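Order of the sequence lines fixes the chain letters, A, B, ..., with proteins taken first and strands second; residue numbering starts at 1 for each chain. Heavy-atom basis, side chains included; hydrogens, waters and symmetry copies ignored. Note that the coordinates shown come from a computational prediction; the quantities given were computed from them, not determined experimentally.
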Amino acid sequence: MAATQDAKGKGEGGDQNFDYMFKLLIIGNSSVGKTSFLFRYADDAFTSAFVSTVGIDFKVKTVYKNEKRIKLQIWDTAGQERYRTITTAYYRGAMGFILMYDITNEESFGAVQDWATQIKTYSWDNAQVVLAGNKCDMEEERVVSVDSGRLLAEQLGFEFFETSAKDNVNVKQTFERLVDLICDKMSESLDTDPAVTTGAATAKLSDSAPPLQQQGCNC
Amino acid sequence: MGSNVKSNEIPLQKNTLWTSLRTTLQKGPAPAPRRNAASVQPSIFSTLMRPNVPNPKDFIPLYCDCMSKACSRTQEYLLFKDPEDKFHPSPEVLTQIFLMTYISQSIHLNMTDSFNCTVMTPQQRILLGADWVWAILDKPTKNPRIQIAVQVLHMANGEGVVENYPRESGTESLQMAQRESSNKTVCERMVDFCASVGKECYALFLFLGRRNDAGNIYGVLSNNFQAAIGKCDNIDRDLIENFFKGSKYLHTPTGMLQSIISKRDQEALTLLIKFS
């Protein structure tokens with residue numbers, strides 16, 4: 001599992017105290033609420049004004065799990081087709097994806113399969129994915145049922161949440177579940193492939209199996 | 001960059017062009033003649049009338065007005081000479097003055113539905129190399145049809161050249177962004193970004209003062225800077241400023257937008273512009 005981790009538990013860069021760094025991406029059609037979702041999680045803020053994301057952006061948030069400090073580098077991608085070249089370049093090395101659709105927009109739900117294919121094409125096999133049906137506060141305008149979302153997630157092998165960045169529903173839970181999945185996958189990889197514990201001194205984000213120094217992910 | 005300012009809130013201006021534009025915007029479809037007071041249905045002919053859709057090129061004079069104001073305001077600071085030589089506005093401040101003046105005026109003129117301006121976050125400024133992106137929007141989707149990514153280039157005191165990094169570059173996020181893109185110059189990053197979008201995305205390097213003309217504002221715009229990659233060692237300010245050498249013609253802001261709009265698909269276009 002790709003991870004950035006210094007052997008002594010000190011990372012590079014400004015705030016150097018972290019045990020792991022996870023690179024996460026939020027993807028999905030334009031205007032499903034990716035940026036709002038990230039703002040809610042990172043800054044606990046929401047604005048209904050819509051500003052289309054240009055290219056790519058990111059925020060950093062640190063979470064704690066089993067006394068481990070995990071730095072999340074969360075990339076917010078533009079959903080418009082014109083930015084596809086630049087956004088897919090950032091899939092490389094990502095450990096987790098939040099694939100988002102809008103429960104009031106059938107087209108965004110129909111595009112989920114295409115986004116899943118993009119993940120397979122540009123990311124690595126062990127990347128974890130959570131499917132998020134956003135804007136669940138807009139029940140009156142719903143066109144995608146909860147069951148449809150859940151069924152599709154099962155078919156694709158993804159976890160599933162319905163969320164609302166506006167009302168702060170399942171935002172934190174979505175990220176926490178994704179972090180759990182990544183940690184589980186890391187432990188699993190280390191159990192089945194001891195070679196990954198004998199790698200280089202400092203792991204970098206990569207799209208190959210990570211050269212972790214320590215015994216396993218205790219997060 | 002949405003705007004809630006209505007056209008009827010635009011104050012009177014001396015310029016007759018603005019007045020005529022404003023009048024056009026205020027005019028709705030002519031009401032259908034009413035045959036009697038009881039009739040509330042509009043005439044069938046009213047549905048045949050053209051809706052009050054602004055001409056897609058209407059934003060050009062509005063854009064020029066915004067640029068004129070932004071340039072004038074910025075020039076006040078560019079040309080300022082402190083008698084004691086102690087006060088020098090920073091490059092970051094000059095960019096902010098320019099952009100804030102532009103944005104204020106664009107909202108005032110209610111043009112953001114057809115031509116908008118998206119200011120980049122500090123991280124995006126490093127990753128994509130752009131300070132802001134202008135977009136000509138399609139109606140009614142408001143999706144960008146043509147984009148202009150803008151990077152401001154400054155003169156330092158004594159006409160030296162300064163880098164244009166966000167002030168808060170010490171923060172963790174920005175250090176991460178710099179690590180992500182450390183192998184390219186900030187100019188190259190914007191050229192790469194525009195090339196990744198396609199020929200309808202232009203890179204505009206906006207010079208707030210040039211070496212031999214510190215008080216004026218110029219631009220070099222192209223959708224073909226990536227052609228220089230491989231031919232030149234790297235794309236930097238010197239290379240871009242070289243475009244002015246030997247150039248006989250400088251476009252106006254109006255000419256710039258007209259050239260962009262009338263360009264054929266996939267055609268390369270490079271222009272030099274004098275904004276002030």
Enquirer: Using modelled atom types and a 3.5 Å cut-off, is there a donor and acceptor pairing between side-chain atoms of A:Gln80 and backbone atoms of B:Asn143?
Expert: no
Enquirer: Mind listing the closest non-hydrogen atom pair of A:Phe58 and B:Ser173 along with its distance?
Expert: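 It is CZ-O, 3.1 Å.
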Enquirer: Within the supplied structure, the quantity of interest is the number of heavy atoms (other residues, nucleotides, ligands) at a distance under 6.0 Å from A:Phe39 CZ; does it exceed 12?
Expert: no
Enquirer: Of the backbone (N, CA, C, O) and the side chain (C-beta and beyond), which part of B:Ala177 lies under 4.5 Å from a heavy atom of chain A, both, or neither?
Expert: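 Both parts, backbone and side chain.
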Enquirer: Counting only heavy atoms not in A:Glu67 (residues, nucleotides, ligands), do more than 12 fall under 6.0 Å from its CD?
Expert: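 No.
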Enquirer: Could you tell me whether B:Arg73 atom CZ has more than 12 heavy atoms of other residues or ligands within 6.0 Å of it?
Expert: no
Enquirer: Short question: side chain of A:Arg82, backbone of B:Pro144 - any donor-acceptor pair under 3.5 Å?
Expert: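 Between the backbone of B:Pro144 and the side chain of A:Arg82 there is a qualifying donor-acceptor contact (under 3.5 Å).
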Enquirer: I'd like to know whether CZ of A:Phe46 has more than 12 heavy-atom contacts from other residues, nucleotides or ligands below 6.0 angstrom.
Expert: yes
Enquirer: Has A:Glu107 got more than 12 heavy atoms of other residues, nucleotides or ligands less than 6.0 Å from its CD?
Expert: no
Enquirer: Might you confirm whether atom NZ of B:Lys142 has over 12 heavy atoms from other residues, nucleotides or ligands at distances under 6.0 Å?
Expert: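 Not buried by this count: 12 neighbours or fewer within 6.0 Å.
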Enquirer: How long is the gap from CG on A:Asp57 to CD on B:Gln124, to the nearest 0.5 Å?
Expert: 4.0 Å
Enquirer: NZ/A:Lys23 to CD/B:Glu180 distance, rounded to the nearest 0.5 angstrom?
Expert: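 Between A:Lys23 NZ and B:Glu180 CD, I get 5.5 Å after rounding to 0.5 Å.
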Enquirer: Check A:Ile86 against B:Ser196 and note the closest heavy-atom contact, atom names and distance.
Expert: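 Residues A:Ile86 and B:Ser196, closest heavy atoms: CB-OG, 3.8 Å.
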Enquirer: Side-chain contact test, heavy atoms from C-beta onward, threshold under 4.5 Å: evaluate it for B:Leu128 versus A:Ile56 and give yes or no.
Expert: yes
Enquirer: Please state whether the side chain, the backbone, both or neither of B:Val197 comes within less than 4.5 Å of a heavy atom of chain A.
Expert: both
Enquirer: Closest approach of B:Glu172 and A:Val60, non-hydrogen atoms and distance?
Expert: OE1-CG1, 4.1 Å
